[in-house]
K.L.:
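Right, I'll just put the structure down here and ask away after.
Index from 1, following the sequence.
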Amino acid sequence: MARCPKLFLLVLFLVGHVLASDVAVKIGDGSVAKNDSVWVQKFDEKFSLRFLCDYTLWSVWNTAYGNEALVSNSPLSLGLGFAYDDLFTLFGVSWDISWDFTMSVFLGAEEESSKVDAFETGLDLFPGKFWIEIWLSYYSGFSVKTEQDGKMVRRFSDLNFFEMYVSVLWMLTSKDKFSPRSAYFLDRRQTHSAGSWIFGGRFQGYIAEDPDSLLTFYEEGERILSSIWGNIGYTYTWVFENGFFGNIWLDVGLVYGLNNDDEYTVMPQPDFKTAWGYAGQKWSWNIVVEAEYNAFSYKSYWEQKLIVKGGILVVRRF
């Protein structure tokens, strides 16, 4: 069963490639603004439907537990979403909206490991050069390798993590020539290669629960962490022929955190992602790879979290 997610992603990639090749010659007038001097073009259609498939490797390692990392048992997720332009006008600026929801799909065979429940959902608003994001995620069902009778076996746990944050990013040097939406939301078309410095911040809440008491250092089976972030980075999109594009994004956040024991941590948190895809008249698709690393320092131990995600997004405009 381990081959199923990879096979499924490969099939979706091939389908997207055939679709792009089939309609690339049809790209032209009628679907976007006809002014070639505009670097970021809006599509005529205000509404778009989004189909998502993600494969996420979520791992947590803690110095107070051992050398092995706890790994999520629910890597594959499927989801839907939508986007709408010009939802309302506020402060003289038009606000656009995008919403996504993905839920885990279990592909295992062991009854014990099937105790998983995971979802992610995000609401994104785009007023002018700003990107405002409200994000919720929940991951339950982890496993870790342990030694038993001289052999390495996998132990399963109902350990769960709930995370939410509100993020505000400003495309500092976009000068109306760059938008990250063209690469990651597919509701704009970038006509010339361009990039921008990113500046912003985030308020985040993080709750970890351990009902199985697998991690003995979690007092009363729960840990709550609140944090404030400041982010700076850079992103750039390359525009190729026939509607194809590629983007690279790198930002670093400086984090101040406070947990339920009044301990704190100040750590740099890097975030890297890249998107490559195609923007057509009615259909667009991309392949996104993202890596996020977090480190938390406490009085007697420290913890690392690594999330590596590969995903496919397919968008149909109406």
Side-chain angles (χ1 to χ4, degrees), residues 1-10 52-79 102-121 135-165 204 206-218 221-225 259 265 267 269-273 287-298 301-312:
M1 297 301 294
R3 297 181 179 179
C4 290
K6 297 179 181 179
L7 180 60
F8 187 65
L9 291 177
L10 178 60
L52 304 98
C53 177
D54 294 331
Y55 193 83
T56 305
L57 298 177
W58 174 299
S59 58
V60 179
W61 177 75
N62 194 294
T63 57
Y65 181 71
N67 296 324
E68 298 293 335
L70 293 112
V71 181
S72 172
N73 298 325
S74 53
L76 182 64
S77 298
L78 300 177
T102 61
M103 179 166 286
S104 63
V105 178
F106 179 67
L107 296 176
E110 299 180 49
E111 180 181 356
E112 190 175 12
S113 64
S114 65
K115 298 176 182 178
V116 297
D117 185 13
F119 73 87
E120 295 181 347
T121 184
W135 180 261
L136 297 173
S137 67
Y138 177 81
Y139 277 82
S140 175
F142 283 76
S143 60
V144 61
K145 292 182 179 179
T146 59
E147 186 174 352
Q148 181 176 329
D149 299 328
K151 297 180 180 180
M152 296 299 293
V153 298
R154 188 166 294 277
R155 179 181 178 183
F156 298 97
S157 170
D158 289 334
L159 179 71
N160 61 78
F161 295 91
F162 175 79
E163 181 178 272
M164 70 168 296
Y165 64 77
Q204 180 168 310
Y206 176 89
I207 301 175
E209 294 182 331
D210 181 20
D212 298 330
S213 299
L214 176 67
L215 308 176
T216 56
F217 49 84
Y218 280 4
E222 182 180 89
R223 187 185 63 204
I224 301 175
L225 179 67
N259 71 1
T265 176
M267 302 287 287
Q269 313 286 356
D271 183 12
F272 169 83
K273 57 187 173 185
I287 298 174
V288 179
V289 177
E290 181 175 0
E292 177 182 328
Y293 172 79
N294 301 145
F296 305 94
S297 177
Y298 302 97
Y301 61 89
W302 65 293
E303 183 174 282
Q304 301 174 85
K305 181 179 69 175
L306 176 64
I307 302 175
V308 179
K309 177 187 296 184
I312 294 177

K.L.:
About how many Å separate OH of Y138 and CZ of F162, when rounded to the nearest 0.5 Å?
P.N.:
9.5 Å
K.L.:
Nearest 0.5 Å, please: how far is CE in M103 from CG in L76?
P.N.:
13.0 Å
K.L.:
What pairs with Q204 under side-chain hydrogen bond (donor to acceptor under 3.5 Å, both in side chains), at least two apart in sequence or on another chain?
P.N.:
E163, R202
K.L.:
Only counting residues at least two apart or in another chain, list the ones meeting side-chain hydrogen bond (donor to acceptor under 3.5 Å, both in side chains) with T56.
P.N.:
none
K.L.:
Out of curiosity, S137 OG to Y165 OH, how far, rounded to the nearest 0.5 Å?
P.N.:
8.0 Å
K.L.:
Give the minimum heavy-atom separation between D158 and S140, together with the two atoms involved.
P.N.:
O-OG, 3.8 Å
K.L.:
Distance alone, cut at 3.5 Å: any donor-acceptor contact between the side chains of S143 and N73?
P.N.:
yes
K.L.:
Using the test side-chain contact (heavy atoms from CB on, under 4.5 Å), find all partners of V144 that sit at least two apart in sequence or belong to another chain.
P.N.:
Y65, E68, L70, T146, R155, L214
K.L.:
If you round to the nearest 0.5 Å, how far is OG of S59 from CG of L306?
P.N.:
4.5 Å
K.L.:
Go through the steps to decide whether F161 and Y206 satisfy the test ring-ring contact (aromatic ring centres under 6.0 Å, His included), and finish with yes or no.
P.N.:
CA-CA 7 Å; F161 295 91; Y206 176 89; 5.8 Å; yes
K.L.:
First locate atom CD of Q269, then atom CG of D271, and finally report the distance between them rounded to the nearest 0.5 Å.
P.N.:
10.0 Å
K.L.:
Which heavy-atom pair separates S77 from S104 by the least distance, and what is that distance?
P.N.:
OG-CA, 3.6 Å
K.L.:
Applying side-chain hydrogen bond (donor to acceptor under 3.5 Å, both in side chains), can you list everything that pairs with Q304, at least two apart in sequence or on another chain?
P.N.:
Y293
K.L.:
Can you name the closest pair of heavy atoms from F142 and L159 and give their distance?
P.N.:
CD1-O, 3.2 Å
K.L.:
Got a sec, which residues hit salt bridge (Lys or Arg N to Asp or Glu O under 4.0 Å) with E120, two or more places apart in sequence or on another chain?
P.N.:
K309
K.L.:
Tell me, please, which residues at least two apart from N160 pass side-chain hydrogen bond (donor to acceptor under 3.5 Å, both in side chains).
P.N.:
none
K.L.:
If every non-hydrogen atom of L52 is compared with every non-hydrogen atom of T102, which pair is closest and at what distance?
P.N.:
CB-CG2, 4.1 Å
K.L.:
Holding to salt bridge (Lys or Arg N to Asp or Glu O under 4.0 Å), I want the full list of residues that pass it with K273, two or more places apart in sequence or in another chain.
P.N.:
none
